[in-house]
Every structure is written in C-alpha cells, then in structure tokens.
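Written out below as structure tokens is the structure these notes cover.
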Amino acid sequence: MTTPSPATLATSLRTHLAGTLRAEQTGTAVVLGGWVHRSRDLGGQVFLDLRDRGGVVQCSFNPQWTPSEVIAAAAAVGIESVVMIEGTVAPRPAEMRNPEMVTGAIEVRATAIRVVGPAVTPALPVAPIKDGKLPAEELRLRHRILDLRREELQHALVLRHRLMQTTRQYLSAQGYLELETPILTKPTPEGARDFLVPSRMHAGEFYALPQSPQIYKQLFMCAGFDRYFQIARCFRDEDLRADRQLEFTQIDIEASFIGREDIIAMAEGLIQALWAEAGIAVATPFPRMSYADAMERYGCDRPDLRYGLEIEDLTARFAPSESGIIQSALQAGGRVRGIRVPGGAAWSRKQVDELETIAKGAGVGGLIRLKGTGSALEGPLAKFLSPESQAALQLREGELLLAVAAHDRVASPALDRVRQECAARLGLADPTVRRFLWVLDFPMFDQDPETGALAAVHHPFTAPNAEDMQARPDAPASWRALAYDCVLNGTELGGGSIRTSDPAVQARMFALLGIGDTAEQERRFGFLLEGLRAGAPPHGGIAFGFDRIAMLLAGASSLRDVIAFPKTTAARALFEGAPSAVPAADLTELHIRTVDA
RNA sequence: GGGGGCGUAGCUCAGUUUGGUUAGAGCACUCGACUGUCACUCGAGAGGUCGCGGGUUCGAGCCCCGUCGCUCCCGCCA
C-alpha cells in the first residue's frame with residue numbers, strides 16, 4: 001500500500017497537510033487547516049503547533065510578518081480548536097530547529113488565522129505530556145473523539161486501513177471475489193450466544209446477527225463463485241476480554257477445488273503480505289505440528305514456541321513410587337508429566353506455591369516439585385523415589401522439576417499455565433521474536449467426559465478425516481478433522497478447515513452431534529443441506545481475526561486501541577451510550593414485552 | 001455467574017496504614033507579565049457530591065455494609 005502524495009489531500013479550502021511540510025516547500029504560500037495542538041504565547045509573538053492527519057507543524061506569529069490583530073487572535077485561540085492558517089513556509093533560524101519534529105527544520109510564518117471550529121476546554125489532554133500517563137479507560141472511551149486524536153490511535157487506525165487494503169489487494173490478485181453476506185440472518189443453534197433482532201413484520205420471530213458468515217460462504221461455493229473473501233463483521237454475545245469484543249472483524253476466506261495445502265499456502269502468503277505492510281519480514285513456510293503433538297509437548301493447541309520448557313512424560317520414573325497420590329492418579333488412567341525449569345530451584349517456597357495455585361486453578365490436585373541440587377533431589381516426594389529413579393530424572397543443578405500426576409484432560413491445561421507462568425518469570429518470551437506455526441489434525445469432536453456427548457471442536461461443517469472414519473467407524477471421538485489453526489507466539493491468528501461437501505456425511509455429522517432428527521436438521525440447516533444437494537464442489541477455507549492482527553501489528557495491548565468505537569468489558573458503548581432503553585411504543589410494534597429479571 | 005485491582009479538582013496523582021483545624025501537588029483553565037518558543041517561563045486566581053447510598057463515631061476521604069463504573073482474569077467465546 002502506498003499513501004497518496006500530500007498534494008492529493010489539497011482541497012478548495014487548504015493547500016497542504018501541515019505535517020507533510022518540509023524544507024523543500026520553503027517559500028511556498030500555504031493554507032492549512034487543523035487543530036491547535038499546543039500554543040506558546042511569548043508576549044510579543046505567538047507559536048501555535050498545528051496538527052492535522054499528516055502531523056504537526058509550528059506556525060509562527062511574529063510582528064515582522066504577522067499583522068498585530070492576527071497575533072492577538074492566535075494568542076486567544078484555545079487548544080483543540082480548529083483553525084485555518086495562511087502563511088509561508090520558511091526555514092527556522094539554525095539554532096531554533098527542533099530535531100524531534102519531522103517538520104522541525106521549518107515553520108509557517110503566519111499572516112492570517114481563522115477559528116473555524118472553536119473547542120471547549122478539552123476534557124482529556126491530546127498532546128502528549130512528558131511522562132504523562134493515559135487517562136482512565138473509562139474517560140478515554142467517554143471522550144472518544146479526543147482520544148482518537150492522539151497520535152497513537154491515529155497511527156493504529158491508519159495501519160488498520162492499510163492492512164485492510166493489503167488484504168483486498170492480495171486476495172483480489174489471486175482471483176478471490178469480495179462478496180457480502182447478510183447481517184440479518186438466521187440464529188445458529190450451536191456456538192456462542194446470538195444477538196437477536198426482532199421482526200416487526202412477523203410477530204414472535206427473530207433474525208440473528210451473524211457469528212460468522214460460515215454457511216453463506218459455503219453456499220457461495222455451491223453457487224460456483226469458486227473463490228470468496230470478505231472482511232466480515234461478526235457478532236457474538238459473550239463476555240468481553242482485552243482481546244475480545246462483542247463485534248469483531250474477520251478476514252473470511254473460502255475456495256473450491258482445493259485441499260488443505262492450497263489454503264495453507266494462500267494463508268501464509270496473506271500473513272506475509274500483512275506483516276510486510278507493517279514493515280516486518282516473515283519467512284514461509286511456517287512449521288507445522290499436529291494437535292496431538294502440541295498437547296503432548298505444550299499442553300495446549302496454540303503453543304508459544306519462543307521458548308522450550310517442553311512437557312515430558314515422567315510416568316516411568318514415578319511409577320515405582322509409593323506415593324499414594326501418584327499411584328491413585330496412575331490407576332485412574334493418568335500419567336506423570338512435567339517440565340524442568342532451569343534456575344527454578346532458586347525460587348522460594350512461596351514462589352513455587354504460587355505456581356501450584358495456578359495449577360490448582362486449572363483443575364489439578366497439586367504440583368509435584370523437585371529441586372536439582374547437584375547431588376540429591378530435594379522436595380516432598382524425593383523420599384518416595386528410588387535412587388535409580390532419581391538418577392534417571394537427570395535433574396541438573398539449579399533445575400526445578402514441576403510435574404502433575406493426573407489424566408491428560410486436566411494435566412495438560414495445568415501444565416500449560418505453569419509453563420507460561422515460568423516463562424513469564426524467566427523472561428523467556430522475547431517480544432521481538434515471531435514463531436508462526438500451523439497446528440493440524442485437530443480432533444473432530446470433543447467428548448463430554450460425563451455424558452459422552454460429542455461437540456464439534458471446530459464447527460459442524462468441518463470434514464472428518466476419511467481414513468479415520470473408515471478405520472474406526474464406531475469411534476467418532478477418535479476421528480481427526482481436516483482442520484488447521486494458524487498460531488503466532490501462543491496466539492491464535494485464525495483457523496479453518498476443509499468442509500464436508502457430501503450431504504449424507506453432513507447429515508451424519510449432525511446426527512453425531514445430537515441432531516439426529518431429519519426434520520430438525522432441515523429446520524436448522526436446510527439451506528446448507530440444500531446447497532450441498534444441489535451439487536457441491538470440494539471446498540474449504542479459513543478465517544483470520546482481523547482486529548487481533550491489527551492489535552499485534554500496532555503493538556497495542558487491547559483490541560480497544562485498534563477499534564474506533566469499542567465497547568467496555570461490561571459491553572457498553574460509553575461515547576454513544578448503547579445499549580439504551582427504547583420507548584414502549586417501539587417495543588409494542590416489535591411484539592416485545594420486557595420482564596423484570 | 002465468580003475472583004483480583006482501581007475510583008480524591010477538567011487530567012494524572014498524594015493523603016487512607018494509625019479517624020481529628022480550612023483535603024494538597026503537577027498539568028490544564030482564567031487574569032496579568034514576557035519578541036524565538038517548542039511540556040515556553042514567571043506572578044496571581046478560580047476550581048472538590050473524596051463514585052453513590054447507608055452505618056459506626058463527639059467527629060469519616062480514611063473504619064463497616066451495600067451499590068455503581070472502569071479494568072484484568074476464570075467460567076463462557078462451535
């Protein structure tokens with residue numbers, strides 16, 4: 001993406017962008033429009049820093065070139081007011097140059113000023129204050145216009161724009177068509193809670209806002225559009241987080257007559273183009289790891305590969321132990337797995353207890369800890385381990401072994417959190433390093449350990465691995481899916497799958513998910529099944545979380561910093577004041593009556 | 001639904017531990033001075049529902065109970 005030359009932003013009211021003026025424009029007569037960033041009134045002369053989209057330039061009001069009434073007007077204007085300033089670009093006296101401003105070699109010798117948009121005293125500072133902290137998030141959101149004027153958010157939203165255009169260019173160049181799908185759509189029975197929209201014309205019936213355009217993009221494939229993409233707004237009525245908003249933007253992609261490798265190659269190219277737009281070179285292809293491998297070695301399906309601390313199976317070492325805790329865990333089908341932390345032996349009892357609290361929070365009963373002290377192991381369990389077992393652990397001096405004896409289902413998430421906390425303490429996650437990764441071969445279903453009920457790990461339209469299905473037709477919980485996730489430094493950037501294009505297979509998937517009744521399938525997913533029955537090409541796709549990518553590339557720590565008008569964690573829009581009550585008559589027209597909770 | 005943190009001037013904060021005169025500072029704002037500043041400087045001034053409600057007390061910014069808002073996390077997010 002290239003930005004237009006400053007000249008193209010000239011209008012009938014202004015000639016240049018303030019922040020783009022340079023020494024080359026010396027002698028040029030300019031008319032600028034912008035906001036008063038700062039002002040310095042020295043008595044006989046006045047300096048105004050004028051800010052517009054392009055940046056900041058100093059405007060100098062001096063009796064040598066400025067009429068006295070203009071100087072008086074400049075002295076009187078309040079900061080953040082919008083002014084039009086006429087003047088001439090001039091070099092600053094050599095000793096007055098400001099090397100910290102890109103425009104610092106020059107200034108605009110002002111001859112006229114007009115206050116076109118006087119501002120009340122701003123509720124928040126816009127110009128940065130040295131060592132100044134940002135105002136509280138609540139105030140930043142309540143006075144969002146002022147916050148958006150800050151350089152940081154200006155840059156973030158400009159970057160967001162450029163990433164959008166890069167996406168469009170990259171995909172369009174490969175024959176992908178940008179097609180739109182409805183915002184008023186049909187409620188989805190699985191997944192997140194829907195936002196419902198009442199129908200005025202049909203009493204008691206509701207539209208839903210899309211959680212994603214998933215089914216529509218598959219229908220495009222059935223309709224022969226072959227390659228589709230959309231920068232799609234999605235809505236999920238779930239609790240918010242720093243990296244989760246009620247409405248968010250996905251780069252949604254689907255293609256026909258493709259396999260997994262086609263999607264991965266296309267996606268790697270897109271990632272490469274987006275990171276390049278942010279000035280970062282990314283090498284492809286990305287390494288790959290199976291889901292099973294990721295869970296075994298890292299305890300999670302989106303491992304951060306910037307550091308090791310890999311999980312080891314220590315069952316054989318601990319099996320001879322007489323510890324009741326370990327024996328009962330093993331008898332219940334569990335294993336002993338753990339990580340060895342270099343330098344961890346120096347941690348205090350309290351620090352290790354904190355790790356155990358984290359592990360317990362993830363559902364395990366406790367954390368086995370053993371310190372390598374050179375000659376012998378230290379720790380509550382050391383006495384239960386035979387000298388042979390202790391030696392086999394090969395704990396080095398200073399190492400701390402943290403292990404969990406439990407079923408993988410609970411042990412993996414616990415070890416994942418302990419591993420991340422240890423890495424954070426040791427500063428192992430280098431923020432300048434980027435480790436991309438494809439996680440492949442996700443399981444098709446997640447089985448509830450109590451009820452045995454199956455739920456789709458990805459979504460119900462994902463194709464199962466055909467070999468698994470044929471080899472173990474009666475064990476769907478063991479089937480792998482043709483699904484893939486793109487992971488960067490422990491964060492999921494996006495994911496997708498090859499879809500089921502055979503309506504009979506799709507019906508079977510619904511049945512396995514507990515939607516066995518044909519009429520029920522037709523009622524909920526008839527429009528998809530009709531598409532598949534009309535002749536569906538093999539197809540698949542992927543979706544990337546656009547806001548999250550923008551956040552990463554902008555160096556922001558919250559999605560709120562790359563979304564112009566975000567919601568608070570309590571799901572409120574403080575600036576515009578949504579949601580809000582509506583007149584009773586509006587509800588009546590929508591056939592809605594509210595009840596007290 | 002649950003847990004942690006925060007809430008004092010327009011903004012950022014101190015004051016809360018140990019209740020006690022009129023609640024302070026920096027920036028911003030108003031007025032004044034100042035002809036090369038760039039966080040201009042200097043002088044003066046104005047500015048407070050200590051989030052809100054209740055309680056304890058002779059007395060509450062400070063202690064107790066409740067509540068609201070923002071935030072981080074767990075649950076949730078196919």
Side-chain angles (χ1 to χ4, degrees), chain A residues 37-50 56-66 68 71 75-76 78-80 90 92-101 103-104 107 109 120-143 146-147 188-194 211-212 214-215 234-246 248 357-358 360-363 413 417 442 444-446 454-462 481 483 492 495 497 509 513-515 543 545 557-558 560 567-572 574:
Chain A
H37 191 59
R38 288 193 181 101
S39 69
R40 293 175 293 282
D41 178 357
L42 273 61
Q45 66 173 339
V46 174
F47 297 98
L48 294 187
D49 290 344
L50 188 73
V56 177
V57 74
Q58 171 169 286
C59 298
S60 175
F61 298 74
N62 186 297
Q64 289 178 44
W65 52 77
T66 313
S68 60
I71 295 178
I79 60 167
E80 294 308 317
R92 296 196 196 183
E95 62 278 19
M96 302 305 162
R97 291 184 189 146
N98 185 343
E100 291 177 11
M101 292 175 78
T103 61
E107 63 186 4
R109 295 184 171 179
V120 296
T121 301
L124 308 175
V126 175
I129 297 165
K130 200 175 189 178
D131 301 325
K133 283 186 61 183
L134 286 180
E137 189 82 28
E138 179 179 2
L139 295 162
R140 292 179 51 200
L141 292 171
R142 203 176 288 287
H143 307 285
L146 293 172
D147 199 40
T188 44
E190 287 199 71
R193 276 185 280 269
D194 283 315
Q211 294 183 26
S212 86
Q214 180 60 38
I215 291 178
C234 305
F235 305 86
R236 295 179 190 174
D237 188 5
E238 297 291 348
D239 288 359
L240 294 84
R241 288 283 191 284
D243 61 352
R244 255 166 42 194
Q245 284 270 313
L246 297 182
F248 59 98
T357 303
I358 289 170
K360 283 179 174 174
R417 288 192 194 173
F442 278 78
M444 184 71 203
F445 301 106
D446 190 25
L454 297 177
V457 166
H458 190 56
H459 58 54
F461 320 114
T462 296
E492 184 193 330
S497 65
M509 292 305 126
L513 291 167
I515 316 169
S557 53
S558 164
R560 292 184 298 270
K567 309 285 185 284
T568 68
T569 49
R572 287 195 176 277
L574 295 183

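Lettering of chains follows the sequences in order, A, B, ..., and the numbering in each one begins at 1. All values below come from the heavy atoms of this structure, side chains included, with hydrogens, waters and symmetry mates left out.
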Report the distance from atom [atom1] of [X] to atom [atom2] of [N], rounded to the nearest whole Å.
X: A:E80; N: B:rC29; atom1: CD; atom2: C1'; result: 14 Å
X: A:L139; N: B:rA9; atom1: CG; atom2: C1'; result: 13 Å
X: A:L574; N: B:rC68; atom1: CG; atom2: C1'; result: 13 Å
X: A:I79; N: B:rC27; atom1: CD1; atom2: P; result: 14 Å
X: A:R572; N: B:rC68; atom1: CZ; atom2: C1'; result: 11 Å
X: A:E138; N: B:rC70; atom1: CD; atom2: C1'; result: 5 Å
X: A:L141; N: B:rC70; atom1: CG; atom2: P; result: 9 Å
X: A:L124; N: B:rC27; atom1: CG; atom2: P; result: 19 Å

[X] versus [Y]: any side-chain heavy-atom pair under 4.5 Å?
X: A:E80; Y: A:P125; answer: no
X: A:N98; Y: A:R92; answer: yes
X: A:T569; Y: A:R560; answer: yes

Provide the distance between the two [atom1] atoms, one in [N] and one in [M], to the nearest whole Å.
N: B:rU8; M: B:rU16; atom1: C1'; result: 11 Å
N: B:rU56; M: B:rC74; atom1: P; result: 42 Å
N: B:rC6; M: B:rU21; atom1: C1'; result: 31 Å
N: B:rU18; M: B:rC13; atom1: P; result: 25 Å

When all nucleic acid strands are considered with a 4.0 Å heavy-atom cut-off, which category describes [X]: base, sugar-phosphate, or nothing?
X: A:T568; answer: sugar-phosphate
X: A:L513; answer: nothing
X: A:R560; answer: sugar-phosphate
X: A:A127; answer: nothing

Counting only Watson-Crick or G-U wobble pairs whose two distances fall under 3.5 Å, which nucleotide matches B:rU37?
->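 Its partner: none found.
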OG1/A:T188 to CD/A:Q211 distance, rounded to the nearest 0.5 angstrom?
->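 So the OG1 of A:T188 and the CD of A:Q211 are separated by 3.5 Å.
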Between A:D49 and A:R40, is a salt bridge (Lys or Arg N to Asp or Glu O under 4.0 Å) present by the stated rule, with each step listed?
-> CA-CA 9 Å; A:D49 290 344; A:R40 293 175 293 282; 2.9 Å; yes
Is the shortest side-chain N/O distance from A:T121 to OP1 or OP2 of B:rC29 below 4.0 Å?
->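 Indeed not, no polar side-chain atom of A:T121 lies that close.
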Along RNA chain B (nearest heavy atom to each residue), the more 5'-positioned of A:E137 and A:P122 =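 So the residue in question is A:P122.
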Which parts of nucleotides 37-48 of chain B does protein reach within less than 4.0 Å, heavy atoms only, written one letter per nucleotide 5' to 3' as B for base, S for sugar-phosphate only and - for none?
-> BBBB--------
A correct 5'-to-3' footprint of nucleotides 73-78 of chain B, with B, S and - meaning base, sugar-phosphate only and no protein heavy atom under 4.0 Å, is SBBBBB
